Protein chains: 2
Amino acid sequence: MNSDYTLAIHSLTYLALQPDRMSTSDAISESAGVHPVRIRKVLSLLKKHGFIKSKEGTGGGFLFALDLSEVNLWDIYKITSEGALQPKCPESNEQCIVGANMQRVLCSIFLGAEEHMGEYLMGYTIKEVVDLVKKRL
Amino acid sequence: MNSDYTLAIHSLTYLALQPDRMSTSDAISESAGVHPVRIRKVLSLLKKHGFIKSKEGTGGGFLFALDLSEVNLWDIYKITSEGALQPKCPESNEQCIVGANMQRVLCSIFLGAEEHMGEYLMGYTIKEVVDLVKKRL
DNA sequence: TTAATCTGTAATGTTTAGTATTACAGTGCA
DNA sequence: TGCACTGTAATACTAAACATTACAGATTAA
């Protein structure tokens with residue numbers, strides 16, 4: 001699982017808890033324990049998809065742009081990690097019936113697996129993640 | 001997705017197509033396009049779980065030990081890759097409510113995702129993979 | 001009983017992917 | 001004008017994946 005994915009969830013959850021002021025990449029990076037540049041990279045993806053707004057300059061930062069229950073974990077997965085489940089198939093031997101066909105077979109199976117997982121992830125919105133985080137236990 | 005997983009599937013499929021003679025790690029590695037030592041490592045795992053037999057020495061190699069429909073892709077996943085979906089959470093800030101709780105929340109969500117995917121993978125046995133490979137298209 | 005052919009596994013080296021760091025242009029505020 | 005941000009590219013570092021080497025032990029066949 002790509003860790004940009006977890007970073008994106010972490011960031012959005014952070015923003016969700018600061019609904020009335022902008023948060024800087026520095027503040028988020030301190031919460032997540034990674035470098036601010038990474039936060040900006042991940043958030044620039046989320047911005048492109050309209051989940052957040054950003055503002056440059058003094059007093060700038062990031063802000064959640066939608067309702068918390070409009071964004072679910074499958075949406076975020078698709079943006080940050082789609083295809084992460086796909087097998088990394090080394091060049092296999094085309095002379096061999098197994099080598100020649102395995103990649104195709106596995107790709108289609110793993111695509112199905114990803115879609116299947118998607119249905120599960122759709123069940124979690126940022127709102128629910130925020131609630132779980134608040135519960136502390 | 002751990003590529004030991006795809007290697008295990010590849011190897012088992014290969015063995016399934018050679019039911020009446022032993023296959024060497026060299027032959028399998030040539031089909032899969034990886035180093036024979038890796039094949040032996042992965043297959044030693046599968047052997048521990050009783051999916052295959054092996055024999056050392058001249059004329060030795062590996063052999064499928066069960067019926068093709070007794071082994072499904074979830075079984076293999078559990079052996080080679082369980083936990084691969086778990087997020088790699090960097091140490092986050094315990095002072096922050098998000099940092100302090102995110103790992104716990106994500107672990108439980110991703111555990112569910114893995115189980116959910118498991119139900120899908122259970123639907124594919126090696127027999128079905130072999131059939132798909134034979135179909136060639 | 002010796003040589004050849006395998007597995008099993010540890011140790012080491014190499015490559016690649018992930019991540020951090022640095023640098024700096026552009027934007028907006030005070 | 002100076003400061004505090006985002007945005008992004010370039011570079012450097014680190015860790016994980018993978019290949020390679022090495023060799024002990026098992027098995028067969030000459």
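This is a predicted model, so every value here is computed, not measured. All chains are named by letter (A, B, ...) in the order of the sequence lines, taking the proteins before the strands, and each is independently numbered beginning at 1.
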Just to be sure I understand the rule, does K48(B) reach a base, reach only the sugar-phosphate, or reach nothing, if contact means heavy atoms closer than 4.0 Å?
nothing
Would you say a side-chain N or O of R38(A) is under 4.0 Å from OP1 or OP2 of dT19(C)?
yes
Would you call the rings of W74(B) and Y77(B) parallel, tilted or perpendicular, taking 30° and 60° as the class edges?
parallel
At 4.0 Å (heavy atoms only), tell me whether K47(B) reaches a base, stays on the sugar-phosphate, or touches nothing.
sugar-phosphate
Look at D131(A) together with K127(A) and state whether they make a salt bridge at an N to O cut-off of under 4.0 Å.
yes
Any donor-acceptor pair under 3.5 Å joining the side chain of S44(A) to the base of dG7(D)?
no
Just compare dT20(D), dA19(D), dT19(C) and give me whichever is closest to any side-chain atom of S3(A).
dT19(C)
NA contact type, G59(A), heavy-atom cut-off 4.0 Å: base, sugar-phosphate, or nothing?
nothing
Quick check: any donor-acceptor pair below 3.5 Å linking the side-chain of E56(A) to the base of dG28(C)?
no
Any donor-acceptor pair under 3.5 Å between the side chain of T58(B) and the base of dC6(C)?
no
Which other residues belong to the hydrophobic cluster containing M22(B), where Ile, Leu, Val, Met, Phe, Trp and Tyr are joined when side-chain heavy atoms lie under 4.5 Å apart, directly or via other members?
L63(B)
Residue K55(A), side-chain atoms from C-beta onward, closest of dC29(C), dT27(D), dT9(C)
dC29(C)
